[in-house]
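Reviewing the structure listed below.
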Amino acid sequence: MKKLLVIFLFLALSSGLLFLLPQALRAPETPEKAFTILRVWNADGEPAVHSWLRGQARAYEKATGQRVYLRAAPDGAGQSLLPDALILPEGDQLLALRGYALIVRDENPAVTPAPTGALFFRPSLPPEPAETPAPWPEESELRAVLCPEALMNTLPGTVFSSQPAADFARGKADAALLTPGQAAGLNTGYRAYAVPEGKGFLAVRGQAYSEAGEAFLHWLQSDAAQRALGQAGLFSPRLRLYGPDDPVRYLIENSITKSGN
């Protein structure tokens, strides 16, 4: 009987050790790192701006491991929860510039190089060298200049249009303030001019509402992010991005330098 009791105690002790040993050898569990999402609302309706932000959100995630949720928010308001950063024209931090040129219809244009103060384009033809630059458009050509609301009163004769490129293509006016991308889509010849005094720009700004948002806006102002503006056809407040091979943007960009901006 005593022998059976000893055997039973030995088996019980062995079973206990087999259960407790794996628990003792197991590495202590570390608490999972809190998963956070950086919320960025984009209230700028320009597709090129959203494209640039989307690319930079991916680059930021790759570099920092911080997940970025980019949301188009045209009204910039009406949110129950403030984002970490908001992209809008009135923000504190200047991030980028949207550039516009004065486009004047010309059915039979000559062609000039950039930058001369004016560029001439035929549909589907690249610019070629010309001997002399063109003078500023005649006053009669600028009696009505189609433009977005934000550029009203930039030039004499500006007329608001919600779709200046489309209205220009329909022949509603002989002049318009258009982005280089809009001008490239025209099916008519035109002359392109830099808007005087560097006034052909709209600011893309950011407003941070958290430290995480501030860090992301700082990233957007870095050299790498600023150079990426050229891939979206936008302009940098401090870097030159374009050469004569992109003549309309080159013309616009040089107006920043000439205006002292």
Side-chain angles (χ1 to χ4, degrees), residues 40 42-57 59-60 70 72 85-104 113-119 121 127 145-155 158 164-165 168 176-186 190-207 216-261:
V40 180
N42 176 26
D44 191 304
E46 171 61 42
V49 173
H50 200 75
S51 175
W52 174 62
L53 291 172
R54 188 167 57 245
Q56 290 310 300
Y60 190 74
L70 176 64
L86 180 62
I87 309 301
L88 74 172
E90 299 82 18
D92 288 340
Q93 301 189 43
L94 180 60
L95 306 175
L97 298 170
R98 293 162 53 188
Y100 290 76
L102 172 63
I103 303 298
V104 179
T116 62
L119 299 172
F121 296 88
V145 180
L146 303 172
C147 73
E149 184 176 6
L151 290 175
M152 287 293 292
N153 302 318
T154 299
L155 293 173
T158 51
F168 179 84
L177 291 175
L178 304 179
T179 66
Q182 290 171 330
L186 296 173
Y190 62 88
R191 306 193 305 272
Y193 299 83
V195 180
E197 301 176 7
K199 294 181 178 179
F201 295 93
L202 294 179
V204 179
R205 296 180 179 273
Q207 183 71 47
F216 182 66
L217 295 185
H218 182 70
W219 169 278
L220 295 178
Q221 293 173 319
S222 68
D223 284 355
Q226 291 291 293
R227 284 192 293 269
L229 288 168
Q231 301 170 14
L234 299 169
F235 298 85
S236 168
R238 58 187 181 80
L239 300 181
R240 303 281 75 83
L241 305 176
Y242 303 104
D245 58 326
D246 194 344
V248 177
R249 290 187 176 89
Y250 188 45
L251 181 77
I252 294 172
E253 190 171 66
N254 273 272
S255 71
I256 301 178
T257 305
K258 292 180 180 179
S259 67
N261 292 345

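All heavy atoms count here, side chains included; hydrogens, waters and symmetry mates do not.
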Sorted by chain and residue number, the side chain to side chain contact (heavy atoms under 4.5 Å, CB included) partners of A165 (sequence neighbours excluded) come out as L178, Q182
Output for pair (L217 CG, L86 CG), nearest 0.5 Å, gives 9.5 Å
Here the gap from L241 atom CG to R227 atom CZ, rounded to the nearest 0.5 Å, amounts to 9.5 Å
Closest heavy-atom pair, L94 versus A203, reported as atoms and distance to 0.1 Å, is CD1-CB, 3.8 Å
* **Close side-chain approach of E90 and R205, heavy atoms under 4.5 Å** => no
Across all chains, not counting sequence neighbours, the side-chain hydrogen bond (donor to acceptor under 3.5 Å, both in side chains) partners of R98 are D44, Y100
T158 meets the side-chain hydrogen bond (donor to acceptor under 3.5 Å, both in side chains) criterion, sequence neighbours left out, with none
The side-chain hydrogen bond (donor to acceptor under 3.5 Å, both in side chains) partners of Q93 (sequence neighbours excluded) come to E214
All heavy atoms of S236 vs all of L229, minimum pair found to be CA-CD1, 3.7 Å
Taken to the nearest 0.5 Å, the spacing of Q56 CD from L95 CG works out to 11.0 Å
D92 meets the salt bridge (Lys or Arg N to Asp or Glu O under 4.0 Å) criterion, sequence neighbours left out, with none
Closest non-hydrogen contact found for P237 with L97 is CA-CD1, 4.1 Å
Side chains of residues 45-52: which donor-acceptor partners sit under 3.5 Å, not counting sequence neighbours?
{"residue": "E46", "atom": "OE2", "partner": "A48", "partner atom": "N", "Å": "3.4"}
{"residue": "H50", "atom": "ND1", "partner": "N42", "partner atom": "ND2", "Å": "2.9"}
{"residue": "W52", "atom": "NE1", "partner": "A225", "partner atom": "O", "Å": "3.0"}

Sequence neighbours excluded, the answer for side-chain hydrogen bond (donor to acceptor under 3.5 Å, both in side chains) partners of D245 is none
Hits for ring-ring contact (aromatic ring centres under 6.0 Å, His included) against Y60, two or more places apart or cross-chain, chain-then-number order -> F216, W219
